[in-house]
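I have placed the structure first, in the form of structure tokens, so that the comments after it can refer back to it.
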2 protein chains.
Amino acid sequence: MREVMKKKDIEVKFRVFEDRCRQSGLKVTPQRVAVYKALIGTDLHPTAEEVHRMVKQDIHSISLDTVNRTLLTLAEIGAAFQVEGTGQRRRFDGDLENHQHFRCIKCGKIVDFHHKPFDNIDIPAQLHGQFQVMRKTVYLEGLCQTCSAVSSS
Amino acid sequence: MREVMKKKDIEVKFRVFEDRCRQSGLKVTPQRVAVYKALIGTDLHPTAEEVHRMVKQDIHSISLDTVNRTLLTLAEIGAAFQVEGTGQRRRFDGDLENHQHFRCIKCGKIVDFHHKPFDNIDIPAQLHGQFQVMRKTVYLEGLCQTCSAVSSS
DNA sequence: TGACAAATAAGAGCTAATCCTATTTAGTAG
DNA sequence: CTACTAAATAGGATTAGCTCTTATTTGTCA
Ligand SMILES: [Mn+2]
Ligand SMILES: [Mn+2]
Ligand SMILES: [Zn+2]
Ligand SMILES: [Zn+2]
């Protein structure tokens, strides 16, 4: 899904991110940047704890609370989002490109895929005026190849 | 969304439910029936705690653990399911008819709607063989009318 | 009716997330 | 560059939503 990112792309991402922070009146702290960097550097849709583990390598003293808070803040300002699903721990995604998710109900793995027709499904007319739709998601659940093989054996 | 249910329909539902239990080797206990009854009697997509509160009116001594366990069991045997979303508390749905959900990100309300074209979206070819898709969901998020009015004022 | 596996109640335990508060820091004005 | 202030953070305490454990009860079936 995610191609290797060029240095230029990363620079652009960071400029966009800092703009977003300033626009929202948020300080650009090392912690915030580190969390953002960790999140856009993976497609594993990590939990707060997993992000915390990653970020600790850069900022040894960063607290889990800060990571949690920052991830929610990123979602608020539109620099990331929470992955939909029925799981128990919140999982985050820093990939703002149009894409969809498949989640394995056994191992919990979340896999990106992109099916263009899913990008702009039209909201049924009956909802217009009733709701202000801000996010549309097509979401698949089932068994991944590994788990499927195990359970059928 | 949900029409008033006729007595006959309810009888049928219960017969189907008991069949499902027997088929899965599950006992038909008063607790199990009460939880099921509470769940199909609402379209509010309640949490375990909310179901517990409802069921307590019938079975005063029922424990929250039993409700939790039962709701998960119902989902396992296909008599109910967990609602998709990014919220923190699990929410359940006893309506097995094809339908979709809108969730208000402010007040957490989950509203049913039904848009036929969403019922059988086709799985992209790239996923065939890779995943065993067991559930396909179209899920909308945003602000409900009430919350939208409040935040724009 | 009796035997037994399954289910339950009650409470302990666990863990993700949130709250609290003293300290630090980014942004800014002088 | 320096001083100020509101925002952010670290670390520990707390909360909340489950999940587990165990003794007791109860459907189910022979
Ligand atoms: Mn993704
Ligand atoms: Mn529903
Ligand atoms: Zn899997
Ligand atoms: Zn609302």
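Side-chain atoms are counted along with the backbone in the values below, which use heavy atoms only and exclude waters and symmetry mates. Order of the sequence lines sets the chain letters (A, B, ...), proteins ahead of strands, with each chain counted from 1.
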When all nucleic acid strands are considered with a 4.0 Å heavy-atom cut-off, which category describes L72(A): base, sugar-phosphate, or nothing?
-> sugar-phosphate

Between E49(B) and R22(B), whichever has its closest DNA chain D nucleotide further toward 5' is E49(B)

Taken to the nearest whole Å, CZ/R90(A) to P/dT15(C) is 18 Å

L71(B) CG to dA7(C) C1', in whole Å, measures 15 Å

*Short side-chain N/O contact to dT8(C) OP1/OP2 from T29(B), under 4.0 Å*: yes

How about F102(A) and F131(B): are their ring centroids closer than 6.0 Å? yes

**Request:** Look at the side-chain N and O atoms of Q88(A) and state whether any lies under 4.0 Å from the OP1 or OP2 oxygen of dT19(D).
**Result:** no

Quick check on dA10(D): is either OP1 or OP2 less than 4.0 Å from any side-chain nitrogen or oxygen of T66(A)?
yes

- Base of dC19(C) paired with side chain of D65(A) (donor-acceptor, under 3.5 Å): yes

Is a donor from one side chain sitting under 3.5 angstrom from an acceptor on the other, for T66(B) and Q31(B)?
no

H52(B) atom NE2 is separated from dA16(D) atom C1', nearest whole Å, by 15 Å

(message) Should the side chain of K27(B) and the base of dA6(C) be counted as holding a donor-acceptor pair, with the cut-off at 3.5 Å?
(response) yes

Report which part of the nucleic acid I59(B) touches: base, sugar-phosphate, or nothing (heavy-atom distance under 4.0 Å, all strands). nothing

Residues passing the side chain to side chain contact (heavy atoms under 4.5 Å, CB included) test with R90(B), sequence neighbours excluded, are N68(B), L72(B), Q82(B), F92(B)

Between CZ of R89(A) and C1' of dC14(C) the distance, given in whole Å, is 12 Å

Give a yes-or-no answer on whether the side chains of T86(A) and E141(A) include a donor-acceptor pair shorter than 3.5 Å. yes

Rounded to whole Å, the CZ-C1' distance (R32(A) to dA10(D)) equals 15 Å

H45(A) vs H101(A) aromatic rings, parallel, tilted or perpendicular, using cut-offs 30° and 60°? perpendicular

| query | With a non-hydrogen cut-off below 4.0 angstrom, is I62(B) in contact with a base, only sugar-phosphate, or nothing? | reply | sugar-phosphate

Taken to the nearest whole Å, CG/D19(A) to C1'/dG27(C) is 16 Å

R91(A) atom CZ is separated from dA17(C) atom C1', nearest whole Å, by 17 Å

Taken to the nearest whole Å, CG/L26(B) to P/dG27(D) is 14 Å

- Task: Remember a base hit wins even if backbone is also touched, and classify L64(B) as base, sugar-phosphate or nothing at under 4.0 Å, heavy atoms.
- Result: nothing

